[in-house]
Number of protein chains: 2
Amino acid sequence: MKRATQAKRTTIYDLAELAGTSASAVSAVLNGNWRKRRISSQLAERITRLAEEQGYALNMQASVLRRERSKIIGMIVPKYDNRYFGSIVEQFETLARKRGLFPIVTCTRRDPELEIEAARAMLSYQVDCLIATGATDPDRIGDLCGAAGVRTVNLDLPGSCAPSVISDNFGGALELTRRVLANCEKEFGERFPLLFIGGRGTDHNTSERIRGFRAAHAEANVEVDETLILPCGYAPEKAESAMQQLAEGGPALPRGMFVNSTISLEGVMRWVRRSGHYAKGVPHLGCFDWDPFVAMLGDHIEMVRQDVPGMLHAVFEIIDSGTAEPKVVHIPPIVEKIG
Amino acid sequence: MKRATQAKRTTIYDLAELAGTSASAVSAVLNGNWRKRRISSQLAERITRLAEEQGYALNMQASVLRRERSKIIGMIVPKYDNRYFGSIVEQFETLARKRGLFPIVTCTRRDPELEIEAARAMLSYQVDCLIATGATDPDRIGDLCGAAGVRTVNLDLPGSCAPSVISDNFGGALELTRRVLANCEKEFGERFPLLFIGGRGTDHNTSERIRGFRAAHAEANVEVDETLILPCGYAPEKAESAMQQLAEGGPALPRGMFVNSTISLEGVMRWVRRSGHYAKGVPHLGCFDWDPFVAMLGDHIEMVRQDVPGMLHAVFEIIDSGTAEPKVVHIPPIVEKIG
DNA sequence: CAAGACTGCTCAATCGATGAAGCAGAATTG
DNA sequence: CAATTCTGCTTCATCGATTGAGCAGTCTTG
């Protein structure tokens, strides 16, 4: 097997010996600034060829240790179980690579402890910059990074000690609620308050969406039913049991609702199907977030799709510009309805 | 601002000076083996406290450079746009962390070039082990890693130079096809060949699934229609245009089909809805892969859910055991139908 | 009480890449 | 032809953490 011979990895010292030159020349050639270090092109070529033959691979740990910037950019993300975060991560990796940065992403499963542990780990790996996506406590992360002199950008949920890029939650929720109210009026011939379900009452996005929800009700002259505002968390099970409780409490279930994320919608739909409570007609729904299969579930669902490419462009604009002001950039989401 | 004072990061030398001791004592205390290096617990405590006060963070680059093992484990994954890969990544991170490993994941967007570039990058970062998930060319990655003395495990798609963990594609496809054939017979009172759509004809999974598809037809005494086997790729658009072409070619569209992945299903469903060709009745579907909203699309869809926890346990068992034999482990998928 | 064992540390080399400084020899200039 | 400039390298310190080797003291033991 080749493996035995190649137990040890080839280093610039090995190449230097093989080429009959110095490690510093090899380094200069392989990291591209041999021209300004006045290495002849013959030697450069010889070293390049040897490196290829020997299957040389740079040791990034050594390289980063020596350099001032690591060119590593980190992101923490709550979950990988929906299209929104999935496309955020994919876009992030693409844009990072385009800038010659090495992206490292880690998922914290909405666990506050894991979140800061992950942030600490990223700092240990010398990230130049950290994107905190949907963090429970963005400022805690911001402080950690600040102490290490590392830049942070908050995404999806805003913080107060670093720039943030978020959706226009108020605007999106306002429009989404308007549509659901209108759909209900069209079908039932009357206006009535909707149910708001999903999300955490303490997070900025949820409270802004509730504000939009209220504003749309006010506009339509419908009084909000306070018992129908249920920010029960994001997990499907939470939404499911909130629905169950609601059904047990009162006799009439809402015929229209605002569901705060596809993941909550998963629980709501499950309950709707299992409980049989909506056997005589499905409720009109509005979902803040998009999923292709939800779009196919029927014409009773309106969706708001967050503008992920727009959000990530804003993030990298902030990074490129070097701003550290804790400004919040609002990206308008897209209200769509695919049949 | 604190930032100015803290421009430079605290190192073990700084702590050593503050504690009036040596860097080597600090290192021993902070990496936990101070006991075996006979450091007194008083000193240990003093150093620990100081480290906390100063917000010390280990420099992993330096640490990894010095050690023989990096404790970094890499994974490359084709996409983040479906539940299957999403849960693979999440499970992977969880299990890696449980073992004290640092997971780094990167998405290669089904691009063969990016795939090997990503593998090279991971090697540069000194990963101890690399999981190649759904790789276009697992053996190329295997060779790269082999040359660097790094272990590889193939996941989802098998390779020939490293252990592989994959679903029992034949068995899953056999059962799924059986069910769709049975559903069709129940509704239409007759047996007829199904459509197979999605996936790459060249990949092992797709060809095994086609084999299962054929076996189920044989079992049911139905002759496979060769013009209905369309491994057109994974992207939704590919499936969409394959359906379009099929519709343009012949008059009768299949009333039953096997769709090879949720992502292909996305295209199929889009076409079914847009084209209006199935206005008088939706086709019976079988989908190799699972998605919660697909499960809600109606009772005409059967799904096979790949056993992600089972697969990842197998992966880590291989890693823990240290085997390097290119064996293929088949994990049976779960055939389910959620109403 | 001398020999050995133990305690609690420190010293210095090392991992691999980088780049400032320096040094021969060749080429150019006044 | 001496003085300067240029070319094409090499030497060496450095980044921060790790670890084998070593070294004073103190404690034990026959």
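Protein chains get the first letters and strands the later ones, always in sequence-line order, with residue 1 at the start of each. Atoms considered below: every heavy atom in the structure, side chains included; atoms not considered: hydrogens, waters and symmetry mates.
- Under the 4.0 Å criterion applied to side-chain N and carboxylate O atoms, B:E45 and B:R49 are not assigned as salt-bridge partners.
- With sequence neighbours excluded, the residues that form a ring pair (Phe, Tyr, Trp, His ring centres under 6.0 Å) with B:Y80 are A:Y80.
- You'll find the side chain of A:D81 reaches within 4.5 Å of the side chain of B:R83, heavy atoms only.
- D:dT19 atom P lies 13 Å from atom CG of B:L30, rounded to whole Å.
- Atoms CE (A:M60) and P (D:dG16) sit 19 Å apart, rounded to a whole Å.
- Judged as a ring pair (Phe, Tyr, Trp, His ring centres under 6.0 Å), and not counting sequence neighbours, B:Y84 has no contacts.
- We find that CD of B:E45 is positioned 17 Å from C1' of C:dG8, with the value rounded to whole Å.
- One can place CD of A:E68 at 12 Å from P of D:dG16, the figure rounded to the nearest angstrom.
- Proximity of B:T21 to B:I39: side-chain heavy atoms (C-beta onward) are nowhere separated by under 4.5 Å.
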Summary of protein contacts for nucleotides 9-16 of chain C, nucleotide by nucleotide, where a base hit scores B, a sugar-phosphate-only hit scores S (4.0 Å, heavy atoms): BBBBBBBB
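- Regarding B:I47, its CD1 atom lies at a distance of 12 Å from the C1' atom of C:dG8, rounded to whole Å.
- Atom-to-atom, NZ of A:K71 to P of C:dT18 comes out at 11 Å; the value is rounded to the nearest Å.
- As a whole-Å value, the separation of A:E17 CD from D:dT10 P is 13 Å.
- Whole-Å rounding puts the A:K36 NZ to C:dG19 C1' distance at 11 Å.
- Between B:N31 and D:dT18 there is a side-chain polar atom (N or O) within less than 4.0 angstrom of OP1 or OP2.
- A 4.5 Å side-chain heavy-atom check between B:W34 and B:I47 finds every atom pair outside the cut-off.
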